[in-house]
Amino acid sequence: MNVQVPWDFTVVPEFLPLFRMAAIATLQITTFGILFGLVLGLIVGLMRTSKIWFLDWPARFYIFIIRGTPLLLQIFIIYYGLASVVDIPSYPAAIIALGVHNAAYIAEIFRGSITSVDRGQREAALSLGMTSWQSMKRIILPQAVKRSVPPLGNQFIIALKDSSLASTIAVAELLLRARQLASSNFMMMEMLVVAAVYYLIMTSVFTYIVGKVEHRMSISDHRQ
C-alpha cells in the first residue's frame, strides 16, 4: 500500500545555501559553455557563408553531426572519450560539451542573419574599395549580430536548461544537488520543486536581459 506523505517545505530554508551554490555552478557552466559556443559558432557560421568548398563543407559536416545527435551522448563522448587520452575533470568536460553542442545552432543563427543582409550593401562596400573581410566586419556583421539577438536569447535559455544534463557526469549543478538532497532526506518533490523555482528565476532573468538588449537595439535603429 502506498503511503501518502504530505509535502513539507518548512525544511527547505536550511538547504537554500546548498541550492544557491549549485545555482552558481549551473550559471558558470552555462556562461562558459555559451561563450565557447559563441566563438566557435561565429567561426563555423562564417565558414558556412563562404563560397570556398573546403571551408563550407567541414562546417556543414560539423552542424550535421552535432544537430543529429543528442547532447547527452555528446557529453558522454567528450567526458569518457577524452578521458582515454587526457585526464579531464567533469566540470570542464561539461563546458566543452555544452559549447560544442550550442555552437552548431549558433552557427546556423549567424548564417541566417548574415545571408539576410541585403547583398547590395556588400557590393556597395566592395565598390568603395573595401576587401571582402572589411565589408563583412564593418558592414555585414554589425547588422547580422543585431538580427541574431532574439534567436540567440532563446538558445541561451535552452543552454541553461540543458546544463542539467551535466549531472550525469557528476557535475554539482542544480539537478544533481536536488537529487542528492532528496535521497538523503527522502523529500524528493520538495527538492525538485526548489530546483524548478531556481531554474524559473534564472530563465526569467535571462529573458528580461535579452528583452532589454532587443529594446536598446531597436531604439538605436530608429535613431539611425
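Quick caveat: nothing in here was measured; it's all calculated off a predicted structure.
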Verdict with supporting geometry, Arg48 and Asp56, side chain to side chain contact (heavy atoms under 4.5 Å, CB included):
CA-CA 5 Å; Arg48 275 288 284 118; Asp56 181 29; 3.0 Å; yes
So Ile66 and His101, side chain to side chain contact (heavy atoms under 4.5 Å, CB included) or not? Walk me through it.
CA-CA 6 Å; Ile66 297 300; His101 180 81; 4.1 Å; yes
Determine whether Glu190 and Asn185 satisfy the following criterion, side chain to side chain contact (heavy atoms under 4.5 Å, CB included), listing intermediate values before the conclusion.
CA-CA 10 Å; Glu190 289 87 341; Asn185 58 29; over 6 Å; no
Please determine whether side chain to side chain contact (heavy atoms under 4.5 Å, CB included) holds for the pair Leu175 and Tyr198, giving the CA-CA distance in whole Å, both sets of side-chain angles, and the decisive distance to 0.1 Å.
CA-CA 10 Å; Leu175 184 58; Tyr198 268 92; over 6 Å; no
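Leu141 contributes atom CG, which lies 9.5 Å from atom OG of Ser135 (distance to the nearest 0.5 angstrom). Rounding to the nearest 0.5 Å places CD of Glu108 at 4.0 Å from CD1 of Ile63. Interatomic distance, Tyr199 OH to Glu173 CD, rounded to the nearest 0.5 Å: 4.5 Å. Residue Leu72 holds its CG atom at 10.0 Å from OG of Ser164, rounded to the nearest 0.5 Å. From Ile95, atom CD1 reaches atom OG1 of Thr30 across 9.5 Å, with rounding to the nearest 0.5 Å.
Inter-residue side-chain proximity for Ser132 and Leu126 is flagged as met; some heavy-atom pair is nearer than 4.5 Å. Two residues are said to be in side-chain contact when any heavy atoms from C-beta on lie closer than 4.5 Å; Leu38 and Ile106 meet this criterion. Val145 places none of its side-chain heavy atoms less than 4.5 Å from the side chain of Leu152. Counting only heavy atoms from C-beta outward, the side chains of Val193 and Val12 never approach each other to under 4.5 Å. For the pair Arg119 and Arg122, the minimum side-chain heavy-atom distance is 4.5 Å or more. Between Leu98 and Leu71, the closest side-chain pair of non-hydrogen atoms falls below 4.5 Å. Side-chain atoms of Ile96 and Tyr79, non-hydrogen and from C-beta on, never get closer than 4.5 Å to each other. Inter-residue side-chain proximity for Val194 and Phe15 is flagged as unmet; no heavy-atom pair is nearer than 4.5 Å.
Put simply, the side chain of Gln155 never gets that close to the backbone of Asn102: no donor and acceptor are under 3.5 Å apart. In this structure, the side chain of Gln143 engages the main chain of Ile139 through a donor-acceptor pair within 3.5 Å.
Under the rule for a side-chain contact (heavy atoms from CB on, under 4.5 Å), Leu128 has no partner lying at least two apart in sequence or in another chain.
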Per-pair distances, 0.1 Å, donor-acceptor, side chain in residues 16-28, under 3.5 Å, sequence neighbours excluded:
residue : atom : partner : partner atom : Å
Thr26   : OG1  : Ala22   : O            : 3.0
Thr26   : OG1  : Leu174  : N            : 3.1
Gln28   : OE1  : Tyr91   : OH           : 3.0

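One hydrophobic cluster, built from ILVMFWY side chains closer than 4.5 Å, holds both Ile114 and Ile109. Hydrophobic cluster membership differs between Leu55 and Leu42, with clusters built from Ile, Leu, Val, Met, Phe, Trp and Tyr side chains linked at under 4.5 angstrom. Taken together through direct or relayed side-chain contacts under 4.5 Å among Ile, Leu, Val, Met, Phe, Trp and Tyr, Met188 and Met191 form part of one hydrophobic cluster. At a threshold of 4.5 Å between side-chain heavy atoms, the hydrophobic network of Ile, Leu, Val, Met, Phe, Trp and Tyr places Leu160 and Ile158 in two separate groups. Taking hydrophobic clusters as Ile, Leu, Val, Met, Phe, Trp and Tyr residues chained together by side-chain heavy-atom distances below 4.5 Å, Leu165 shares a cluster with Tyr80.
No more than 12 heavy-atom neighbours from other residues, nucleotides or ligands sit within 6.0 angstrom of CZ on Phe64. With a 6.0 Å radius and a threshold of 12 heavy atoms from other residues, nucleotides or ligands, Asp118 has its CG atom above the threshold.
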